[in-house]
Amino acid sequence: MKNMDCDKFQINRYILSEVPPTIYYIRDFITEGEEELLIRKVDNAPKPKWTTLSNRRLQNWGGLPHPKGMVVEPMPNWLQIYSKKIAELGVFEDKVPNHVLVNEYLPGQGIMPHEDGPLFYPTITTINLGSHTILNYYHKIKEEDSSNNEKEETNSNRLLASVLLEPRSLLVVKDDMYHKYLHGIDEKVEDEINNNIVNIRDHLSNYPSNLKRNRRISLTYRYVPKFIKTKLFSKLY
């Protein structure tokens, strides 16, 4: 893991100033060796850890979030390491992320615009592995427009901004960007690289006009404030 001294690491260096508060984007948060190890650990997880949805597969580590409280399960060391490292950035205040959602996206897969909701502390952090993707942020549909077909808005004209998530990067989202906007990933096999992508506008010419997607794995670290402690133990992978 890269040596980031907490006292010297200035998280505000990585803020994206072209969007409302607050998104941080840290390129090369982990090394290629760490990325390879994490992908291998995800792939070696037992089959029952996988849940298959129509547009992706996922794993839950640390427990299954629930409105009545998450039953805490032990988290393997290969995930705990980064939970502590992310906590050192101070983005969760004095808390340490206690839940990791692993998502696997194949080319052509994505997720509809959504918000993460009240089960979680209002900060989301994601380590990206394997492939890039484009994460889009949208204005919510106004209530008065939702019942009026003539004013119904499409995703494209509700788009606020896009962020290129590169392999080995860390994305941190909080404040208004967590509460007031939706986020989603288009179901594409190839992404157009354009001026809507706020984190690469200053060096857009360094990128090709299109990027083909490969298999992508995301590790989303969150803190679930309402949890139930039990004496549940299981084999860690």
Side-chain angles (χ1 to χ4, degrees), residues 1 25-26 28-66 70-87 89 91-92 95-117 119-135 163-173 178 183-187 213-225 227 232-237:
M1 182 183 302
Y25 179 75
I26 304 175
D28 292 324
F29 181 70
I30 62 173
T31 66
E32 290 185 12
E34 290 175 293
E35 178 186 38
E36 291 173 3
L37 176 61
L38 286 168
I39 292 174
R40 188 159 63 248
K41 290 291 188 181
V42 169
D43 289 342
N44 288 340
K47 288 185 179 180
K49 289 297 294 184
W50 285 106
T51 298
T52 301
L53 305 179
S54 60
N55 57 353
R56 66 190 190 284
R57 293 197 302 167
L58 59 84
Q59 300 174 10
N60 277 282
W61 293 94
L64 188 63
H66 190 275
M70 182 176 75
V71 176
V72 178
E73 298 176 356
M75 189 182 295
N77 184 61
W78 58 273
L79 290 172
Q80 281 186 6
I81 292 172
Y82 299 96
S83 186
K84 294 174 183 177
K85 196 65 181 178
I86 291 171
L89 302 178
V91 294
F92 286 94
K95 300 169 180 63
V96 177
N98 59 0
H99 179 262
V100 181
L101 179 65
V102 177
N103 277 299
E104 177 199 59
Y105 293 94
L106 302 179
Q109 294 182 333
I111 187 169
M112 293 290 291
H114 66 284
E115 55 187 335
D116 286 299
L119 291 183
F120 307 101
Y121 181 86
T123 295
I124 183 170
T125 59
T126 302
I127 299 174
N128 302 278
L129 309 173
S131 177
H132 82 282
T133 198
I134 302 289
L135 184 63
V163 179
L164 174 64
L165 304 184
E166 297 163 295
R168 300 177 295 283
S169 66
L170 176 73
L171 181 78
V172 179
V173 182
Y178 183 95
H183 58 280
I185 297 172
D186 289 341
E187 295 183 339
R213 293 185 192 175
N214 294 304
R215 181 190 185 219
R216 172 177 173 261
I217 293 172
S218 63
L219 309 180
T220 298
Y221 283 79
R222 295 180 285 201
Y223 180 76
V224 181
F227 56 87
L232 177 64
F233 295 94
S234 62
K235 183 178 179 181
L236 301 182
Y237 292 82

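Starting from 1, each residue takes its place in the sequence as its number.
Note that the CZ atom of Phe29 and the CD atom of Glu34 stand 8.5 Å from one another [nearest 0.5 Å]. Note that the OG1 atom of Thr220 and the CG atom of Asp116 stand 8.0 Å from one another [nearest 0.5 Å]. Rounding to the nearest 0.5 angstrom, the gap separating the OG1 atom in Thr133 from the CD atom in Glu166 is 12.0 Å. Expressed to the nearest 0.5 Å, how far OG of Ser83 lies from CZ of Arg222 amounts to 12.5 Å. Considering CD of Glu187 and CZ of Arg213, their distance stands at 9.0 Å, rounded to 0.5 Å. The line from CZ of Arg57 to CD of Gln109 is 9.5 Å long, rounded to the nearest 0.5 Å.
The shortest non-hydrogen separation linking Gly62 to Met70 is O-CE, 3.5 Å. Between Gly130 and Ile39 the shortest heavy-atom distance is N-CD1, 4.0 Å. Closest approach of Asn60 to Pro65, counting heavy atoms only: OD1-CD, 4.0 Å. Heavy-atom minimum distance, Phe92 versus Pro97: CE1-CG, 3.6 Å.
Considering only heavy atoms from C-beta on, Tyr82 comes within 4.5 Å of Leu38 through its side chain. Counting heavy atoms from C-beta on, the side chains of Pro76 and Lys41 never come closer than 4.5 Å. Two residues are said to be in side-chain contact when any heavy atoms from C-beta on lie closer than 4.5 Å; Val91 and Ile86 meet this criterion. No side-chain heavy atom of Asn103 sits under 4.5 Å from any side-chain heavy atom of Ile217. Side chains of Gln59 and Val42 form a contact here, defined as non-hydrogen atoms less than 4.5 Å apart. No side-chain heavy atom of Phe227 sits less than 4.5 Å from a side-chain heavy atom of Val71.
Distance alone, capped at 3.5 Å, is enough to place a donor-acceptor pair between the His114 side chain and the His183 backbone. Of the possible donor and acceptor atoms, none in the side chain of Asn214 sits under 3.5 Å from a partner among the backbone N and O of Ser131.
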Practice prompt. Evaluate the side chain to side chain contact (heavy atoms under 4.5 Å, CB included) criterion for residues Trp61 and Lys49: first the C-alpha distance (whole Å), next the side-chain angles of each, then the deciding distance (0.1 Å), finally the verdict.
Written response: CA-CA 8 Å; Trp61 293 94; Lys49 289 297 294 184; 3.6 Å; yes

Show, in sequence, the C-alpha distance, side-chain angles and deciding distance for Tyr25 and Leu165, and conclude whether the side chain to side chain contact (heavy atoms under 4.5 Å, CB included) test is met.
CA-CA 8 Å; Tyr25 179 75; Leu165 304 184; 4.1 Å; yes

Worksheet item: Step by step, would you call Ile185 with Ile134 a side chain to side chain contact (heavy atoms under 4.5 Å, CB included)?
Response: CA-CA 6 Å; Ile185 297 172; Ile134 302 289; over 6 Å; no

* Are Thr123 and Val172 close enough, and set up right, to give a side chain to side chain contact (heavy atoms under 4.5 Å, CB included), and what steps lead you there? -> CA-CA 7 Å; Thr123 295; Val172 179; 4.2 Å; yes

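The pair Asp43-Arg215 meets the salt-bridge criterion, since a charged nitrogen lies less than 4.0 angstrom from a carboxylate oxygen. Ion pairing of Arg56 with Glu104 is absent here, as no side-chain N (NZ or NE/NH1/NH2) approaches a carboxylate O to less than 4.0 Å.
In summary, the side chains of Asn128 and Arg216 do present a donor paired with an acceptor at a separation below 3.5 Å, with no hydrogens or angles considered. Between Gln80 and Trp78, the side chains place no donor N or O within less than 3.5 Å of an acceptor N or O (distance only, hydrogens not considered).
Of the listed residues (Ile127, Asn98, Thr126), just one forms a side chain to side chain contact (heavy atoms under 4.5 Å, CB included) with Tyr221, and that residue is Ile127.
For Tyr178, there are no ring pair (Phe, Tyr, Trp, His ring centres under 6.0 Å) partners at least two apart in sequence or on another chain.
Note: Tyr223 and Tyr121 have perpendicular aromatic rings, judged against thresholds of 30 and 60 degrees for the angle between ring planes.
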